[in-house]
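Here's the structure, in structure tokens; my notes come after.
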Amino acid sequence: MNCRQIRKKLSPYIDEQLDSRRQEQVRDHLQSCQNCSTVLHQLEQLEDLLQDDLRLQADAFTLTRIKAAISAKSDQPLPVWSLLQKVLAPSIVFAGLVLGVLLGIQLHNTFKRTPIVEPQTHTSLVDSTFFEPLPVGSITATYVSMNAIQK
Amino acid sequence: MDDEQLVEQFRHGQLHVFDELVLRYQDRVLNTCFRLIGNEEEARDAAQDIFIKVYHALASFKPQASFSTWLYRIAANHALNVARSRKRRSRIRSFTAEIALIADAKNPHSALEKEERAHLVREALNQLGESQKTIVVLHRFEGLSYKEIADIMNISVSSVESRLFRARQKLAKILKSSMTEYISS
């Protein structure tokens, strides 16, 4: 194997993930190649640096918190129902609004088509013009005067 | 009783066996989250969310892979999502974990060095790409084999080898320069 191939195998070599034959091949190469040995040395130094890194521990109440969260989630309404609620409520309101507008338009058109009969208003039983002097030479004046002559 | 037997019991309605699965994996999930997110508090929240997710998904879990592979896959994906949104929010990092180390120190000098070193390692890890970081965390800190990592990440074993090698080289380079800076300052 050449240096390029060996370097690809340095990680599994450090981690002892190679089979014994490969492990030996890499070891032999490293003994004769200064450059690859330097790369290996860098990787080993890195391993030392990573060695002391902190490891956290779950606290004693982790399980309790998880179980509480699970049961709280189970008490919630089903996602399908909550989705329906989210979608249904605004849909119903919207449908109501549309229905109202359509009904209004329909009613408006109905009243528009029916002829509106003006109510006749009889504000007075006697025509006010009756007591006014009749215009001279008019048909009404002639009629009234003829009647008066006959009487 | 192994994981698969516990999962089988859970799927047959014995929900209490979930407690055993949590107790078995809580530290591993927490530390995976901690390395990938870089913040202790958020890692604890993420670990809790992961187990809640697992509880609800366990009934539909098809044992094509082992339970641990499946769990690590969920954990890594969730933690990377949290890390991404954390990066977006670009919050200042919490040093709770490091501070805890100082607090319990019988030898303050050694603890301070450890704390600084831990901080530098985490900073260096955060400079890796998501895939390289996940491989380093799962292998170096969780002790998973190349094959297990390949299964979790849906990649080949040789991809794991080459990505891990590149990640190690990059980490060594970053840490070398940051250590030099730290020592000279």
Side-chain angles (χ1 to χ4, degrees), chain A residues 1 3-19 22-23 25-26 29-30 35-80, chain B residues 15 18-19 22-23 25-31 33-35 40 43-44 47-52 54-56 96-98 100-101 110 113-115 117-122 124-125 135-136 139-141 145-147 157-158 160-169 171-173 175-176 179:
Chain A
M1 283 198 284
C3 289
R4 199 166 157 265
Q5 289 167 320
I6 289 292
R7 284 181 196 186
K8 275 187 178 176
K9 296 291 170 196
L10 285 181
S11 256
Y13 175 77
I14 295 174
D15 300 325
E16 295 176 354
Q17 299 254 336
L18 295 173
D19 58 49
R22 276 286 160 87
Q23 195 85 5
Q25 277 181 326
V26 175
H29 179 92
L30 287 167
N35 289 339
C36 288
S37 297
T38 309
V39 177
L40 177 74
H41 182 61
Q42 285 172 349
L43 297 184
E44 283 171 342
Q45 277 183 325
L46 174 72
E47 288 306 295
D48 289 342
L49 283 174
L50 300 181
Q51 211 99 57
D52 291 331
D53 201 24
L54 175 79
R55 192 158 178 89
L56 297 177
Q57 277 196 324
D59 63 61
F61 303 106
T62 303
L63 180 61
T64 315
R65 278 200 304 274
I66 290 168
K67 286 168 81 171
I70 288 169
S71 64
K73 214 171 181 182
S74 315
D75 292 341
Q76 281 176 0
L78 286 171
V80 177
Chain B
L15 303 183
F18 184 72
D19 296 6
V22 172
L23 293 173
Y25 285 98
Q26 57 183 6
D27 284 350
R28 283 181 261 185
V29 168
L30 172 63
N31 280 288
C33 291
F34 180 47
R35 310 272 175 222
E40 184 182 347
R44 288 190 189 277
Q48 186 175 311
D49 292 343
I50 287 162
F51 279 113
I52 294 166
V54 165
Y55 180 89
H56 291 292
T96 325
E98 290 91 334
L101 256 178
S110 151
E113 267 180 30
K114 265 188 176 180
E115 178 258 313
R117 194 185 289 194
H119 169 61
L120 291 176
V121 167
R122 255 185 296 287
L125 265 179
I135 292 173
V136 172
H139 178 67
R140 187 59 195 77
F141 299 107
S145 70
Y146 289 13
K147 171 79 177 74
V157 172
S158 64
V160 175
E161 281 178 8
S162 56
R163 286 183 207 188
L164 184 59
F165 176 66
R166 283 200 294 273
R168 276 172 157 157
Q169 275 195 313
L171 269 181
K173 202 174 164 187
L175 280 169
K176 194 181 170 188
M179 290 278 177

Report task. Pick one of side chain, backbone, both or neither for B:Ser158, based on which atoms fall under 4.5 Å of a heavy atom in chain A. Result -> neither
Query - Per-residue contact mode, B:Arg166 against chain A (heavy atom under 4.5 angstrom) - result: neither
Requested in this report: Find the distance between NZ (A:Lys67) and CG (B:Leu15) and round it off to the nearest 0.5 Å.
Outcome: 10.5 Å
Report task. State, to 0.1 Å, how close B:Arg44 and A:Asp59 come at their nearest heavy-atom pair, and which atoms those are. Result -> NH1-N, 3.7 Å
Requested in this report: State, to 0.1 Å, how close B:Phe141 and A:Arg55 come at their nearest heavy-atom pair, and which atoms those are.
Outcome: O-NH1, 3.1 Å
Report summary line: Ranking A:Leu63, A:Asp15, A:Ile66, A:Leu10 by heavy-atom pairs under 4.5 Å to chain B gives rank one to A:Asp15
Query raised in the report: If you count heavy-atom pairs under 4.5 Å between each of B:Asn31, B:Val160, B:Asp49, B:Val22 and chain A, which one has the most?
Result: B:Asn31
Query - From CG (A:Leu56) to CZ (B:Phe34), nearest 0.5 Å - result: 4.5 Å
Query - B:Asp19 portion near chain A, given a 4.5 angstrom heavy-atom threshold - result: both
Query raised in the report: For B:Leu175, is it the side chain, the backbone, both or neither that has a heavy atom under 4.5 Å from a heavy atom of chain A?
Result: side chain
Query raised in the report: For the side chain of B:Asp27 and the backbone of A:Ala58, is there at least one donor-acceptor N/O pair under 3.5 Å apart?
Result: yes
Query raised in the report: Quick one: CZ on B:Arg140 to CG on A:Leu46, what's the gap to the nearest 0.5 Å?
Result: 8.0 Å
Query raised in the report: What option among A:Gln42, A:Gln57, A:Lys8 has the most heavy-atom pairs under 4.5 Å with chain B?
Result: A:Gln57
Query raised in the report: Between atom CZ of B:Arg168 and atom CD of A:Gln45, what is the distance when rounded to the nearest 0.5 Å?
Result: 14.0 Å
